[in-house]
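Below is one structure, written out as C-alpha cells, with a few remarks after it.
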Amino acid sequence: MALQWMILAYVVAAEAALAIVLTLPSPKAIQSRIASLVSLILQPSLFIIPFSAFQLLDIYWKSEHRLKCSGETCTAAERDRYERSFYKAQRNVILCLSACLLYWCIYRVCNYHKEIQRMEEAEKRAKEE
C-alpha cells in the first residue's frame, strides 16, 4: 500500500513542477512549445483521476470499518496508533485531492494557451484580409 502512496506523491510533485513551468513567464515561442508538449502528456496521464478516486474510496472504506479506540479499554500505544492512522488518512486525502486539482489546473492552462493561439491566428487572418 505504501508504494501506491509513493507513486501518487511523485505524480503530485511532477504535476506541481509542470504547473510551475507552464505559468512561469517566458518568450512566446518557448511557452507555446511547452504548452503543446504538456498537452500531449495530459491524455496518457489522465489515469491519475481514477487512481485517486480509488484511493479515496479505499480511505473511506477503511475509516468506516476502523475499530474505534475510545474509553478506558484502549492502552496509550493503541490510542497513539489510532491517531497516527487517522492523520495518515487525512494526509492521503489531501494528496489525492491535490493530484486531481493539479491535473485540472494544468489542463485548463493548456486549454487557455490553445485558445490564445487560435485567437492570435484568427486576428492575423483578419488583418491579412
Side-chain angles (χ1 to χ4, degrees):
M1 195 65 170
L3 180 63
Q4 293 171 346
W5 295 113
M6 187 177 75
I7 290 170
L8 193 62
Y10 285 141
V11 168
V12 168
E15 285 179 342
L18 281 176
I20 289 171
V21 167
L22 274 174
T23 56
L24 282 176
S26 60
K28 190 179 265 186
I30 295 174
Q31 189 72 20
S32 66
R33 289 182 190 241
I34 290 172
S36 64
L37 178 67
V38 171
S39 66
L40 289 174
I41 296 171
L42 277 177
Q43 190 165 5
S45 65
L46 183 63
F47 79 93
I48 197 64
I49 304 299
F51 184 74
S52 295
F54 176 74
Q55 295 298 334
L56 284 172
L57 286 173
D58 185 47
I59 291 170
Y60 175 74
W61 187 84
K62 285 180 181 177
S63 71
E64 286 296 317
H65 295 89
R66 180 180 292 144
L67 295 175
K68 304 293 183 206
C69 186
S70 60
E72 296 175 6
T73 60
C74 291
T75 64
E78 289 174 337
R79 194 169 296 119
D80 287 342
R81 183 171 181 244
Y82 175 77
E83 288 177 4
R84 271 191 311 232
S85 69
F86 184 72
Y87 291 135
K88 278 185 181 179
Q90 287 179 340
R91 178 198 64 199
N92 293 339
V93 166
I94 291 171
L95 192 63
C96 289
L97 293 178
S98 64
C100 295
L101 181 67
L102 280 170
Y103 181 86
W104 179 78
C105 289
I106 292 170
Y107 174 78
R108 291 307 307 160
V109 168
C110 286
N111 272 355
Y112 288 143
H113 279 288
K114 286 180 184 178
E115 287 180 32
I116 289 171
Q117 285 179 347
R118 282 189 213 121
M119 292 171 75
E120 287 174 349
E121 289 173 4
E123 181 184 8
K124 194 182 290 183
R125 276 186 265 128
K127 284 183 180 180
E128 289 175 0
E129 292 176 356

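For the numbers below, each heavy atom of this structure counts, side chains included, while hydrogens, waters and symmetry mates do not.
- Put simply, the side chain of D58 never gets that close to the backbone of F54: no donor and acceptor are under 3.5 Å apart.
- A distance of 12.5 Å separates CD1 of I94 from CG of L101, quoted to the nearest 0.5 Å.
- There is a path of hydrophobic side-chain contacts, each under 4.5 Å, that joins V11 to L97.
- In the hydrophobic cluster analysis, where Ile, Leu, Val, Met, Phe, Trp and Tyr join through side-chain heavy atoms closer than 4.5 angstrom, L37 is grouped apart from I20.
- The side-chain hydrogen bond (donor to acceptor under 3.5 Å, both in side chains) test applied to K28 returns E120, not counting sequence neighbours.
- Rounding to the nearest 0.5 Å places OH of Y103 at 4.0 Å from CG of L46.
- Interatomic distance, OG of S36 versus CD1 of I41, reported as 9.5 Å (0.5 Å rounding).
- Taken to the nearest 0.5 Å, the CG atom of L3 stands 5.0 Å off from the CE atom of M6.
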Please lay out, stage by stage, how E123 and M119 fare under the test side chain to side chain contact (heavy atoms under 4.5 Å, CB included). CA-CA 6 Å; E123 181 184 8; M119 292 171 75; over 6 Å; no
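- Legend: residues meeting side-chain hydrogen bond (donor to acceptor under 3.5 Å, both in side chains) with N111, ordered by chain and number and at least two apart, are Y107.
- I106 and L24 are not part of a single hydrophobic cluster, where members link through side-chain heavy atoms under 4.5 Å apart.
- Contacts of L8 classified as side-chain contact (heavy atoms from CB on, under 4.5 Å), with partners at least two apart in sequence or in another chain: W5, I48, F51, S52, L95, C96, A99.
- When hydrophobic clusters are built by joining Ile, Leu, Val, Met, Phe, Trp and Tyr residues whose side-chain heavy atoms come closer than 4.5 Å, directly or via intermediates, F86 is not grouped with V93.
- The distance from atom CD of E83 to atom CZ of R79, rounded to the nearest 0.5 Å, is 7.5 Å.
- Every residue two or more places apart in sequence or in another chain that forms a side-chain hydrogen bond (donor to acceptor under 3.5 Å, both in side chains) with Q31 is listed here: S26, H113.
- One distance of note links CD of E15 with CG of L42; it measures 9.0 Å at 0.5 Å rounding.
- For the pair R91 and Y87, the cation-pi test (distance below 6.0 Å, angle within 45°) is failed.
- Residue L40 shares its hydrophobic cluster (ILVMFWY side chains chained together at separations under 4.5 Å) with no other residue.
- Between A16 and L102, the shortest heavy-atom distance links the atoms N-CD1, 3.9 Å.
- Listed by chain and residue number, K114, E115 satisfy the side-chain contact (heavy atoms from CB on, under 4.5 Å) test with R118 (two or more places apart in sequence, or in another chain).
- Between D80 and R84 no salt bridge is recorded (no basic side-chain N to carboxylate O distance below 4.0 Å).
- Summarising the geometry of A35 relative to L22, their closest heavy-atom pair is CA-CD2, 3.8 Å, with the distance given to 0.1 Å.
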